[in-house]
Amino acid sequence: MLINVLSCVYIVCNAPVQHCNQPLTLIEQKDNRHKAIRIVSIVMFIQILLYLINSNWLINLTIVLAYSAILMIIQKRSKNYRGNDI
């Protein structure tokens, strides 16, 4: 559960991640941030339900969230990262 929480917090705090060749407008940044918050909230709710019913699908969702957070970290550390203006 700790990996889930840390991944979700990182994704919500740092979404969206931009590439220097595909900049987002301020409206797109805000819209994408709100979409990320909604999606992560839904996924966290599903993870809580899966945890309560002791399902094996929880492992899959944990891997997906952690992988997404790791990819965001890699993109932010690359030379092609474009900072958010939000």
Side-chain angles (χ1 to χ4, degrees):
M1 287 307 271
L2 181 64
I3 294 172
N4 290 333
V5 172
L6 291 176
S7 298
C8 288
V9 168
Y10 186 82
I11 291 170
V12 167
C13 291
N14 293 300
V17 177
Q18 298 185 68
H19 191 272
C20 64
N21 292 331
Q22 297 174 336
L24 298 172
T25 65
L26 193 57
I27 294 171
E28 289 174 329
Q29 288 179 16
K30 289 181 181 179
D31 187 44
N32 288 346
R33 178 177 295 275
H34 292 296
K35 286 179 186 177
I37 291 170
R38 282 192 298 258
I39 291 170
V40 168
S41 299
I42 291 169
V43 169
M44 275 301 285
F45 179 73
I46 292 170
Q47 285 181 327
I48 291 169
L49 289 177
L50 291 174
Y51 181 75
L52 292 175
I53 63 172
N54 212 6
S55 175
N56 291 333
W57 284 94
L58 179 64
I59 296 169
N60 295 340
L61 283 178
T62 302
I63 291 169
V64 168
L65 275 180
Y67 187 67
S68 298
I70 289 169
L71 289 175
M72 287 177 72
I73 292 169
I74 291 171
Q75 176 64 25
K76 286 189 87 161
R77 303 291 181 244
S78 75
K79 62 181 179 179
N80 294 325
Y81 173 70
R82 180 184 169 102
N84 292 332
D85 297 331
I86 297 177

[atom1] of [X] to [atom2] of [Y]: how many Å apart, nearest 0.5 Å?
| X | Y | atom1 | atom2 | answer |
| --- | --- | --- | --- | --- |
| I70 | Y10 | CD1 | OH | 10.5 Å |
| S7 | L61 | OG | CG | 11.5 Å |
| N32 | I39 | CG | CD1 | 9.0 Å |
| L58 | I46 | CG | CD1 | 11.5 Å |

May I ask you to test the [X]-[Y] pair for a side-chain heavy-atom distance under 4.5 Å?
| X | Y | answer |
| --- | --- | --- |
| Q29 | L26 | yes |
| I59 | I63 | yes |
| L49 | I53 | no |

Would V43 and C8 satisfy side chain to side chain contact (heavy atoms under 4.5 Å, CB included), going step by step from the backbone distance to the final call? CA-CA 9 Å; V43 169; C8 288; 5.6 Å; no
Check: For N4, which residues count as a side-chain hydrogen bond (donor to acceptor under 3.5 Å, both in side chains) partner, sequence neighbours excluded?
Finding: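 Listed in chain order: Q47, T62.
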Is there a continuous path of hydrophobic side-chain contacts, each under 4.5 Å between heavy atoms, that joins F45 to W57? no
message = I'd like to know if V64 and I11 are part of one continuous hydrophobic network [Ile/Leu/Val/Met/Phe/Trp/Tyr, side-chain heavy atoms within less than 4.5 Å].
response = no
Could you tell me whether the side chain of R33 and the main chain of N14 form a donor-acceptor pair under 3.5 Å?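 Side chain of R33 to backbone of N14: no pair is present.
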Worksheet item: For I3, does the CD1 atom sit with more than 12 other heavy atoms under 6.0 Å from it, leaving out its own atoms?
Response: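 Not more than 12 within 6.0 Å, no.
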Take atom CD1 in I27; do more than 12 heavy atoms of anything else shown fall under 6.0 Å from it?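 Count not over threshold, so no.
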